[in-house]
Amino acid sequence: IKEKGSLIIASGNVNITDGDNIVISGKKATYDKKDQILDIIGNVIFIDTNKNYKASSEKIIFNRNKNIISSYENTEIYLFDKNNIKTDFKIIGKNSIFDKKNNTIEINGNVVFEDFLNNYNLYSEKIIYYKLKETIKSFDQTKINYNNNLSILANNIYFDNIKNSFFSKEKTLITDNLENKFEFSSFDFNLNNKILKAEEITLSDIDSNNIKIQNA
């Protein structure tokens, strides 16, 4: 305990509880009571049962005033169902920011987003998950492997978890497991009824047959 009690430093097997919902463990922790900032390093695990959230990383900073959790280096995030039993989503990346007040999670750097509910993997350099709206937005080039049947490649793809659909207004390439290739100027793929709607379509099959369609 330093600076007249305003700074607390702990090392070893550090375990922290914050209220009834938050549990944190790591190798070393520094708590600035004045600014309400908790800095934890070394095999950090951060669990918030109220937000159905678990993160592991080499370093996590928890700003209690702003209610923001920031992770650094090799981050893994698990988002659970309402009962905190089943994993709905798993996210791997370099760094992340979880804004608990606005319920948004931003992940950067070699991001892999696994959706166990809808059986797809999303790969991108940056994604933002808007928990209140139940939407996911990827930035720049994004690849989606859906059900090991379709490979979707596009920039700036959205996933609406309520409507259960992918959509993008950018040029998209989809390849199926029969090596058929579909190019679109925009698309909307509903996972519930397995219907894909697109504009300015070019279809190429394995035998080099080509079809062009305006809407389908």
Task: Under 3.5 Å: donor-acceptor pair, side chain of Asn145, backbone of Leu122 - done: no
Open item on the list: If hydrophobic residues (ILVMFWY) are linked whenever their side-chain heavy atoms come closer than 4.5 Å, directly or via other members, who joins Leu117 in its cluster?
Closed with: none
TODO: Supply the atom-to-atom distance Lys54 NZ to Thr87 OG1, rounded to the nearest 0.5 angstrom.
DONE: 8.5 Å
- [ ] For the pair Ser138 (side chain) and Ile157 (backbone), establish whether a donor and an acceptor sit closer than 3.5 Å, ignoring hydrogens and angles.
- [x] yes
TODO: Assert yes or no for the condition that the ring centre distance of Phe113 to Phe159 is strictly below 6.0 Å.
DONE: no
TODO: Would you check if there is a donor-acceptor pair between the side chains of Asn147 and Asn119 at a distance under 3.5 Å?
DONE: yes
Open item on the list: Within the 4.5 Å heavy-atom criterion, are Phe139 and Glu125 side-chain neighbours or not?
Closed with: no
Open item on the list: Please report whether the ring centroid of Phe187 lies less than 6.0 Å from that of Phe182.
Closed with: no
Task: Other residues, nucleotides, ligands: >12 heavy atoms within 6.0 Å of Lys94 NZ - done: no
TODO: Answer yes or no: is there a donor N or O on one side and an acceptor on the other, between the side chain of Thr172 and the main chain of Phe184, under 3.5 Å?
DONE: no
Open item on the list: Can you confirm whether the side chains of Thr175 and Ser151 place a donor and an acceptor under 3.5 Å from each other?
Closed with: no
Task: Option passing side chain to side chain contact (heavy atoms under 4.5 Å, CB included) with Ser96 (candidates Ile91, Asn108, Ile127, Ile77) - done: Ile77
- [ ] Scan residues 205-216 for pairs that pass side chain to side chain donor-acceptor pair (under 3.5 Å), counting only residues two or more places apart or in two chains.
- [x] Ser204-Asn210, Asp205-Asn209
Task: Any residue meeting side chain to side chain donor-acceptor pair (under 3.5 Å) with Asp99, in chain and number order, not counting sequence neighbours - done: Asn102
Task: Residue pairs passing the side chain to side chain donor-acceptor pair (under 3.5 Å) test where at least one lies in residues 152-168, sequence neighbours excluded - done: Asn118-Asn164, Glu134-Asn161, Lys137-Tyr158, Asn156-Glu170, Asn164-Asn192
Identify each donor-acceptor pair in which a side-chain atom of residues 38-50 lies under 3.5 Å from a protein atom, sequence neighbours left out, and give them as a table.
{"from": "Asp48", "atom 1": "OD1", "to": "Asn50", "atom 2": "N", "distance (Å)": "3.0"}
{"from": "Asp48", "atom 1": "OD1", "to": "Lys51", "atom 2": "N", "distance (Å)": "3.2"}
{"from": "Asp48", "atom 1": "OD2", "to": "Lys100", "atom 2": "NZ", "distance (Å)": "2.6"}
{"from": "Thr49", "atom 1": "OG1", "to": "Asn21", "atom 2": "O", "distance (Å)": "3.4"}

Can you give each donor-acceptor pair under 3.5 Å made by side-chain atoms of residues 60-69, sequence neighbours left out, with the distance rounded to 0.1 Å?
{"from": "Asn63", "atom 1": "OD1", "to": "Asn65", "atom 2": "N", "distance (Å)": "3.1"}
{"from": "Asn63", "atom 1": "OD1", "to": "Lys66", "atom 2": "N", "distance (Å)": "3.0"}
{"from": "Arg64", "atom 1": "NE", "to": "Asp18", "atom 2": "OD2", "distance (Å)": "2.8"}
{"from": "Arg64", "atom 1": "NH1", "to": "Tyr31", "atom 2": "OH", "distance (Å)": "3.1"}
{"from": "Arg64", "atom 1": "NH1", "to": "Gln36", "atom 2": "OE1", "distance (Å)": "2.3"}
{"from": "Arg64", "atom 1": "NH2", "to": "Asp18", "atom 2": "OD1", "distance (Å)": "3.1"}
{"from": "Arg64", "atom 1": "NH2", "to": "Asp18", "atom 2": "OD2", "distance (Å)": "3.4"}
{"from": "Asn65", "atom 1": "ND2", "to": "Asp35", "atom 2": "O", "distance (Å)": "3.3"}

Open item on the list: Looking at Ile1, I want to see if its CD1 is surrounded by more than 12 non-hydrogen atoms of other residues, nucleotides or ligands under 6.0 Å.
Closed with: no
